[in-house]
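Protein chains get the first letters and strands the later ones, always in sequence-line order, with residue 1 at the start of each.
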Amino acid sequence: MDFTDWMNTRLPSVAAQLEQGVRSTREITSEDGLDLAGRNDIYEILDDILAALFPGSYGRERISNENVNFFLADLLRHISFNLDKHILAVFRYRCKKENCDHCDCNTRSAEALMHLIESLPRIRELLMLDIQAAFEGDPAARYRDEIVLSYPCIEAIATYRIAHLLYELEVPIIPRIMAERAHSRTGIDIHPGASIGTRFFIDHGTGVVIGETTHIGNNVKIYQGVTLGALSPFDKDGNPRKQQKRHPDIEDDVIIYANATILGGHTVIGKGAVIGGNTWITEPVPAGAHIYNKDHREGLRRRAGRKR
Amino acid sequence: MDFTDWMNTRLPSVAAQLEQGVRSTREITSEDGLDLAGRNDIYEILDDILAALFPGSYGRERISNENVNFFLADLLRHISFNLDKHILAVFRYRCKKENCDHCDCNTRSAEALMHLIESLPRIRELLMLDIQAAFEGDPAARYRDEIVLSYPCIEAIATYRIAHLLYELEVPIIPRIMAERAHSRTGIDIHPGASIGTRFFIDHGTGVVIGETTHIGNNVKIYQGVTLGALSPFDKDGNPRKQQKRHPDIEDDVIIYANATILGGHTVIGKGAVIGGNTWITEPVPAGAHIYNKDHREGLRRRAGRKR
Amino acid sequence: MDFTDWMNTRLPSVAAQLEQGVRSTREITSEDGLDLAGRNDIYEILDDILAALFPGSYGRERISNENVNFFLADLLRHISFNLDKHILAVFRYRCKKENCDHCDCNTRSAEALMHLIESLPRIRELLMLDIQAAFEGDPAARYRDEIVLSYPCIEAIATYRIAHLLYELEVPIIPRIMAERAHSRTGIDIHPGASIGTRFFIDHGTGVVIGETTHIGNNVKIYQGVTLGALSPFDKDGNPRKQQKRHPDIEDDVIIYANATILGGHTVIGKGAVIGGNTWITEPVPAGAHIYNKDHREGLRRRAGRKR
């Protein structure tokens, strides 16, 4: 068939088939239209929030010293206006899904938005502590500015702290879109449901996975490829363990080296423990313990021996 | 030397040297010009195809319910117009490389384009099954919409299903550009040559590698960091094993946990087998077997012991 | 509180708090304003440099054969004009940090910029050798063009060769921003301080980490998930080992398979050695040695046995 003929005759029927598919899978679309929480809108709003937290580093605009306040006030207004619509849309979406008629979506979504914006100065303070931890923890770091501008963990942790706040306010879907944006850009996958203390540092970061019910204390340092995951996502009957504690607890001052795998909701890594690289941990580890895999220990021993 | 002087005197000679380099490596450029399959064009076309498959979630435009058909017909026309040129360019490129004078590039490229567009409704149906598998397989999933909007495996698998179709139609280069776009965004590297059944789910996904000659059955679930790779890409004489079966077969209902490495063209993982995390598999595994690495088994044993 | 009221009354005070935070952490901002080395500007300049190295493949513009020279001269001028400002800004930033009054920032930054631009033809020649190595090393590669257009290692290595040159010229911060751009896009994290020889190939690449003081010889091939890292980033007193040799040396003709971890500043992998997948190496390996982890060796043995 000639290409132009095909464009005029066959292509419209493909469009009709696709449309039928889209309409028949109602669950997968908002009942108010198809534009539920378009990912790209959320990405832009997230970029704007990061630009408000780190003006001049993130974001596109140059800001002179005199214009900082003007820039921030304008940007916060812009974020509020755009994000409010999306939070309202996902609240309404959940109400319809759950046949809820008693919650006041409009009020709840406005409150969530206002709470997020009012928390940004506190989030910035927390991020300054994370940046300080990165500066102290990485021998390759020369300047704190370098960390803001080039360390993937800062974008990942900043996004996590924003998404976690929305998760706690029970905003559906949007926190996951934000988390996956950071995952896409940094290779660091932090579920918005995890709780993470102050002075958190992730070096390199590609392949890090931190599950929904993980608790992490203060002053914890982890390296690339570390998984804080579930021992099995399914119970004995093969059903997914939804809304159960499935992921480990990491107490204060713990260091976890590259590609360690720590699994299970009963696995507590005690305060000050050091977990070596490439280890596989499914049991609690006492405070202060140093765990290495055998190969690693042998390597260190031979190394030490050679020095005599 | 003064910077402005340098701009006027030295810089043009650098441009001339670069030009000479570009022209002298003819193999690396199309003979019709330098714009063979510009990556960014292919990226935009891929984004448009994803927007046609998931209108309102992917893509930039908001679509009201009444405008779905209009949106889709317009978008498919736009995709067809843009992709047709690129498919023709890569077909012609191959003909010149292989001194082919008998194939009819124009007809073949138009046919490939039309076949892709007409297959989109079927690809969407397959993706709905993948989304359902993700919903059933991940305890953290709340809604199917959340999966479309935020799970990296959906973008990776959708891109794979599009690229695989073009690979089967023997379209050169473009499928790899598409696959690497998804790899860049998701950390999931699926070669377009792999064959993958229905209800495929990848959780988290960063670091997953699925090689060119891999076969995957239906209802298979894999986690981050899983490699389905070649035992050695070189034969005894050190030559790369081009166009040989080099990667494993994964039968129906298999689960492969995080960071497992399964290698080799003779390695078949039998129906319903469960492969534990951090395992290294270079031998066939019988149907229904559960394989864990020793450390893992010990971990589970100690764990079970403690409960008594 | 009503949303509009909140926008008018509360939001300005949030902006004021954020501004105070920004101003009180002077270290994290340039004293000349907040627009120190905005990341997005550096990203665009890097994209332009890649487009100058691979016109028609990278970059957005289509270039006819006659216009190559015009395109390149124009693009180099554009890069020079934009990058010069940023190099000057980071030089001045360092001077202020270090209370330096004797270096001539303006001259040094112009020299660094000119040296980079004049080196681009040489960098292109090196990249052609890397592309050739990829073509010879990957059974799935069909054409060299396909490698330029779709192999993530080309973007990662090209960015490394640019960033390394700036690092050697002691340009602060910008090389790290460039390296992390490539890391974000490819999952390959090469510190600009590493030194890497000719014909370097990285297959798949997600999760690769190459530390600041790593030396890599010629004709080295590595796979996804390989870490060339530090044994411990901290000395006995817990201080970070800044500016010490912390990462391994990889001699010519070495192959390192997926997810191998090679650590420590005294760890030399000798010429022609082959390091198997999932190994953990903290000791020197002699030239020509083949190192596999026990599981792997057993796997291969059983495999060989079956063939009899």
### Task
Please indicate whether C:E125 has more than 12 foreign heavy atoms, meaning atoms of other residues, nucleotides or ligands, lying under 6.0 Å from its CD.
yes
### Message
Using salt bridge (Lys or Arg N to Asp or Glu O under 4.0 Å), reason through C:R142 and B:E212 one step at a time and then give a plain yes or no.
### Response
CA-CA 12 Å; C:R142 300 279 186 276; B:E212 184 176 19; 2.6 Å; yes
Picking from [options], which has the most non-hydrogen pairs under 4.5 angstrom with chain B?
options: C:A73, C:A52, C:P152; value: C:P152
options: C:G207, C:G205, C:A141, C:S119; value: C:A141
options: C:M114, C:R77, C:H204; value: C:M114

Please round to the nearest 0.5 Å and tell me the distance separating atom [atom1] of [X] and atom [atom2] of [Y].
X: C:N278; Y: B:N278; atom1: CG; atom2: CG; answer: 7.5 Å
X: B:I173; Y: C:S150; atom1: CD1; atom2: OG; answer: 8.0 Å
X: B:N40; Y: C:D47; atom1: CG; atom2: CG; answer: 7.5 Å
X: B:F3; Y: C:N106; atom1: CZ; atom2: CG; answer: 11.5 Å
X: B:R10; Y: C:S80; atom1: CZ; atom2: OG; answer: 12.5 Å
X: C:E118; Y: B:Q17; atom1: CD; atom2: CD; answer: 8.0 Å

## Note on the structure
Correct closest heavy-atom pair for B:A16 and C:N69 would be CA-ND2, 3.8 Å
### Nearest heavy atoms of C:Y143 and B:E98, plus distance in Å
OH-OE2, 3.3 Å
### Message
Strictly distance-based, threshold 3.5 Å: is any side-chain N or O of B:S184 a donor or acceptor partner for the main-chain N or O of C:R185?
### Response
yes
### Task
Would you confirm whether C:R124, through its side chain, and B:G21, through its main-chain N or O, come within 3.5 Å as a donor-acceptor pair?
yes
#### Entry: B:R176 portion near chain C, given a 4.5 angstrom heavy-atom threshold
both
Answer with side chain, backbone, both or neither: which region of [X] has an atom nearer than 4.5 Å to a non-hydrogen atom of chain B?
X: C:E111; result: neither
X: C:D84; result: side chain
X: C:N259; result: side chain
X: C:Q224; result: side chain

### Message
C:L76 vs B:L18, test: side-chain contact (heavy atoms from CB on, under 4.5 Å). Steps then yes/no.
### Response
CA-CA 10 Å; C:L76 293 178; B:L18 268 179; 4.3 Å; yes
#### Entry: Side chain to side chain, B:Q244 and C:P139, heavy atoms closer than 4.5 Å
no
### Message
Could you check whether C:E146 pairs with B:R39 (Lys NZ or Arg NE/NH1/NH2 to Asp/Glu carboxylate O, under 4.0 Å)?
### Response
no
### Task
Take B:W6 and C:L113 through the side-chain contact (heavy atoms from CB on, under 4.5 Å) test and state the conclusion after the steps.
CA-CA 11 Å; B:W6 176 85; C:L113 186 274; 4.1 Å; yes
### Message
Among residues at least two apart in sequence or on other chains, which ones pass salt bridge (Lys or Arg N to Asp or Glu O under 4.0 Å) with C:K271?
### Response
C:D253
